[in-house]
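Since the structure comes first, as structure tokens, the remarks are kept for the end.
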Amino acid sequence: METFGRFTSMLLHALETREPTVELFDSFIDHWKSITNYYIDTTDDSRPVRQTDIPWHLRQMLDILVYEEKQQAVEDTGACMEYLLQHKLLETLCTLGKAQKLICLCALPGSQTEKEEAQFLLVVCSRVKQDPHTLRYVLQLPDQPVGSTLSSDQSESSMQASSGGTDPPLPCGPIQSESSLLRALLRLTKSQSSSVCLRAHESLLLLCGLQAGSSGELLSTHTQLGELLAGRLQDLYSLLPMEDAAELQNWPHTPWSTQFSRHSADPSSQSVGHMINFFCWLDFLDHLMREAPQVLSVKLAVCVCQLWLVELLQPQLLDTCEQVVLGSTSVLCATVKLVQSSSLLDQLVHFLLRSDAAQPLLRRCDHVSDQISMVSLCLVEELLQKPHRDVLDVLLLSFLHTRSYLSPPASAQEEQQTESGEDSEDPEDDPFFSDSLTFSDSPHPPPPPPSGPQTADDVINSFLCLVPVQVRSSQLLQEGGYESYVHDAHTLVTECQALSLSWDWPLTPPSLSLSSGKDSASFFEGHLLKVLFDRLGRLLEQPYELNLQLTAVLSRLSAFSHPLLHEYLLNPYIHLSQSSRSLFSVLIRVMGELMQRIQEVSNLSERLLNTRRALLGLPHDPGLDHLTLLKGVIVLEEFCKELAAIAFVKLPQDQD
């Protein structure tokens, strides 16, 4: 303990200003030679530094430098300082310090001096922060040829060290000790002492935050820092209680430093403690990647993706056990929500959209398990809130860019019909309007497509008139019309516009070629819209909470300002190609089914009012039948009002 204390004190003195004693250049050199001669002559590596004259010589050298600096003009450098810089005395001191094996002796199993060791390593990292060029010597990189990599045996040894548990004493050879500082710090992050953990975290941030020179490249290329940090994330993830899927999915942002706060409450259970540890470490890595140089940030993110997402999480996402799928998807959903680092977000988006797990994750938005469908939809919604262009490009725009969902232009359509000998199709012959979809009982049927340009009122009324009068119930509780959604719609549209501001989206859709729509079977709305439209088509028979999540995703998609998204999701008057469907056409089919199913419900208005009261937590009659259907009707009414509000917010801006 005294050894660490004295050496730490010595390094601290190097960061402070002390009173001078003597001003002699020769004396400065003599003190330095006395230190180096000791290491040349001595054969006793076990002798404590406090029993040598080294601390006294260092103190004298420091006093000489301080005195010399005070005697010089601001722009001048003294002879002693010139000597120190030209002969790289600090770098040599780092090497000599390592010859005492202090770093290698830190964080060994059973250590009784963790506090002093953590303080010593923090001072070392602080010194490196002030003089980044010393990083190479602290990591002992000169002993390793530039551009070389660790052997497979050494890599395996390092990965075993990152897996937690009790580690054997590390050898201090030139190659093995190159990451001894990093591995010591990783071990100290697991300490039972919060002060020791905090110092270890701060030390890692100091090292990874180095921006000068090639520091980032040294740490990313010549150390196993990424593997060590990602290995720690693996360990903590393996302890998560996957049965608590809801709590995992909704875990709030937990800044890594909060775990060291004196005011933070103790975990109420071991499982909560495991969740705190995991999400705090995830936040620490995310914070570290935001502070690190780009080359290091990318390397760390790649390691997290490979070791955690691909090797550990992906097999669970593809598992046949629903509980495993639910738990792992919940953690992934929370991760997407919490991540802020652009490097880590890049890896997450690539994993979610382009890896083997991508298609199963999207298909599970329409899973036989409502819980899995819910968390999968939540994951999509979280993705849509991240500032990453690939999300919309891959999930939607790549399928819509040809506009093949539109019928051919009039001239081309007439030519096709002439060649095939067919007459012009009546709208009622469209497959999406042929299943006895009649609104004869409604005084406000959906309006036919107008021949000229549409106004905002046309679009708004189209969505509002979708809901037949006899199934509207919001007015029964004096709830507002679509105007009550305008404020929230404005907030949503503003958020989506802020995300896409730097993506250089076009202002108008691409021109429609004469060949567009000729082969309607070639249009595919994409895996995401397919599952969303399929789910929307079954809205009347799905749980209320699932319908809310489904409509939330569709509303957010409709709020984006890309002209293709606006046309496909918010324009009721587009002429769809055969077998194509849009959001509006799916809603029409649902309304048609609704008009048939409500015939089975007596006292419809009273039942709807009672259902609304139940959803709002107001007094209501128990024992409702047709409850799923009635809740679905209410969701449909509110969803159409929400779409009308989004159109109200967007259309004036588009027309201007």
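Just the heavy atoms: all of them, side chains too, but no hydrogens, waters or symmetry mates, feed the values below.
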Can a donor-acceptor pair be found, under 3.5 Å and without considering hydrogens, that links the side chain of [X] to the backbone of [Y]?
{"X": "Ser355", "Y": "Leu352", "result": "no"}
{"X": "Thr329", "Y": "Val325", "result": "yes"}
{"X": "Glu114", "Y": "Ser193", "result": "no"}
{"X": "Lys386", "Y": "Val339", "result": "yes"}
{"X": "Glu68", "Y": "Ala79", "result": "yes"}
{"X": "Ser297", "Y": "Pro293", "result": "no"}
{"X": "Asn277", "Y": "Gly273", "result": "yes"}
{"X": "Thr254", "Y": "Pro252", "result": "yes"}
{"X": "Glu117", "Y": "Ala107", "result": "yes"}
{"X": "Gln259", "Y": "Cys280", "result": "no"}

Note to self: Is there a ring-ring contact (aromatic ring centres under 6.0 Å, His included) between Trp281 and His201? Walk through the geometry before answering.
What the structure shows: CA-CA 10 Å; Trp281 186 252; His201 282 74; 5.6 Å; yes

Just grab all the salt bridge (Lys or Arg N to Asp or Glu O under 4.0 Å) pairs involving [range], residues at least two apart or on different chains.
{"range": "residues 272-282", "result": "none"}
{"range": "residues 287-309", "result": "Asp286-Arg290"}
{"range": "residues 198-222", "result": "none"}

Check: If you draw a 6.0 Å radius around CD in Glu69, do more than 12 non-hydrogen atoms from other residues or ligands fall strictly inside?
Finding: no

Check: Using the ring of each side chain (for Trp, its six-membered ring), is His287 parallel, tilted or perpendicular to Trp256, with breaks at 30° and 60°?
Finding: tilted

Next item on the list: Might you work through the side-chain contact (heavy atoms from CB on, under 4.5 Å) test for Ile64 and Phe25, ending with a clear yes or no?
Entry: CA-CA 8 Å; Ile64 291 172; Phe25 177 68; over 6 Å; no

Item checked: Set of residues satisfying ring-ring contact (aromatic ring centres under 6.0 Å, His included) with respect to His350, sequence neighbours excluded -> none

Notebook entry, point to check: What residues, two or more places apart in sequence or in another chain, satisfy ring-ring contact (aromatic ring centres under 6.0 Å, His included) together with His87?
Noted result: Tyr83

Output a table of donor-acceptor pairs, distance under 3.5 Å, between side-chain atoms of residues 304-315 and any protein atom two or more places apart or on a different chain; print 'none' if there are none.
none

Check: Could you walk me through whether Arg232 and Leu285 pass the side-chain contact (heavy atoms from CB on, under 4.5 Å) check?
Finding: CA-CA 10 Å; Arg232 175 74 172 141; Leu285 295 185; over 6 Å; no

Output the distance between atom [atom1] ([X]) and atom [atom2] ([Y]), rounded to the nearest 0.5 Å.
{"X": "Leu122", "Y": "Leu185", "atom1": "CG", "atom2": "CG", "result": "9.0 Å"}
{"X": "Phe279", "Y": "Leu240", "atom1": "CZ", "atom2": "CG", "result": "6.5 Å"}
{"X": "Leu233", "Y": "Phe284", "atom1": "CG", "atom2": "CZ", "result": "12.0 Å"}
{"X": "Leu348", "Y": "Leu332", "atom1": "CG", "atom2": "CG", "result": "6.5 Å"}
{"X": "Ser269", "Y": "Met275", "atom1": "OG", "atom2": "CE", "result": "6.5 Å"}
{"X": "Asp235", "Y": "Lys190", "atom1": "CG", "atom2": "NZ", "result": "5.5 Å"}

Next item on the list: Quick one: do Cys496 and Ser561 satisfy side-chain contact (heavy atoms from CB on, under 4.5 Å)? Show the steps, please.
Entry: CA-CA 7 Å; Cys496 293; Ser561 59; over 6 Å; no

